[in-house]
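Here the structure comes first, spelled out in structure tokens, and everything after it is commentary.
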Amino acid sequence: MSLLDNLKFMMIAGPCSVESEEQIVGIAKAVKKAGADLLRGGAFKPRTSPYDFQGLKEEGIRLLLEARRESGLPIVTEITGVRELPLFEDVDVIQIGSRNMQNFELLKEVGRMGKPVLLKRGMAATLHEFLMSAEYILAEGNPHVILCERGIRTFDDYTRNTLDLAVIPLLHTMTDLPVIADPSHGTGIASLVPPMALAAAAAGADGLMIEVHDHPDKALTDGEQAVTPDEYAVLVQKVHAVRKAAGL
Ligand code: PEP
Ligand code: MN
């Protein structure tokens, strides 16, 4: 059994990075009110440049636990290496990011932990590679794996990535694992997040992970792709309407 078993559709929302107590608690309460089921927030951030904000690390995990207490929402946060494992004891869902999708030692370790794992597709990973990475977790006896399509690297750089929505129905023919979409990293542009979220829902996604920030212009990471809590609240209602219209 996992906390996700009773969720028909997983709405995961929160900022790219945990920045302060006020920020994460405020966003947690806002997305909960909007209808989110889980709170996301990065404490350990894998950044392209070593000189960019790397996350609040241990303090970020502590603030997420505080936000969980205040909002009642379970928390999802990314682990970037095996040395961080002891800090994730109280985390509800462990995220493995794109850059670590083939960090096989990390996959085995989180498999042994037995907690739900949100596994993001590598930015150049084939579906076979994606499923084999999930298999590393499953092979440790942990059945609680959620697959996340977050966009792949293609020739066009108009969007941050190319959200590969066809894999949602395709993966459903290949595995019983839930498949969710991340239109925030999938597009990198806030105005594209709601339409692509709706498209993913219509394609049969089992959930959506969306970056939400109360002040996107001041966000320390990924502000350009963050929607506001008000925009998120409108989107949640539309997602339910699309799912209903599609008979899902
Ligand atoms: C994230 O979810 O904050 C993240 C870093 O995503 P990805 O691993 O998909 O780039
Ligand atoms: Mn991000």
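Side chains included, hydrogens not; waters and symmetry mates left out as well; all remaining heavy atoms used. Order of appearance sets the numbers: ligands from 1, and atoms from 1 within every ligand.
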If the cut-off is 4.0 Å to any non-hydrogen atom of [X], which atoms of ligand 1 fall inside it?
| X | value |
| --- | --- |
| E211 | 3 (O) |
| K45 | 3 (O) |
| G97 | 8 (O) |
| R150 | 7 (P), 9 (O), 10 (O) |
| R40 | 1 (C), 2 (O), 3 (O) |

What is the nearest protein non-hydrogen atom to atom 4 (C) of ligand 1, stated with its residue, atom name and distance?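 So the nearest neighbour among protein heavy atoms is H185 NE2, 3.6 Å.
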Specify the protein heavy atom at minimum distance from atom 6 (O) of ligand 1: its residue, its atom name, and the distance to 0.1 Å.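 Protein heavy atom with the smallest distance to atom 6 (O) of ligand 1: K120 NZ, 3.0 Å.
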Would one find an N or O of S98, backbone or side chain, under 3.5 Å from an N or O of ligand 1?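 By distance alone, the answer is yes.
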Is any protein N, O or S atom closer than 2.8 Å to the Mn ion (ligand 2), and if so, which?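 The answer, once waters are left aside, is C16 SG, H185 NE2, E211 OE2, D222 OD2.
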So is E78 close enough to ligand 1, meaning a heavy atom under 4.0 angstrom away?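 Yes.
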Ligand 1 contacted by R99 (non-hydrogen, < 4.0 Å):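 Yes; R99 lies near enough to ligand 1 that a heavy-atom distance drops under 4.0 Å.
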Between R47 and Q54: side-chain donor-acceptor atoms closer than 3.5 Å: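 Absent: no donor and acceptor within the cut-off.
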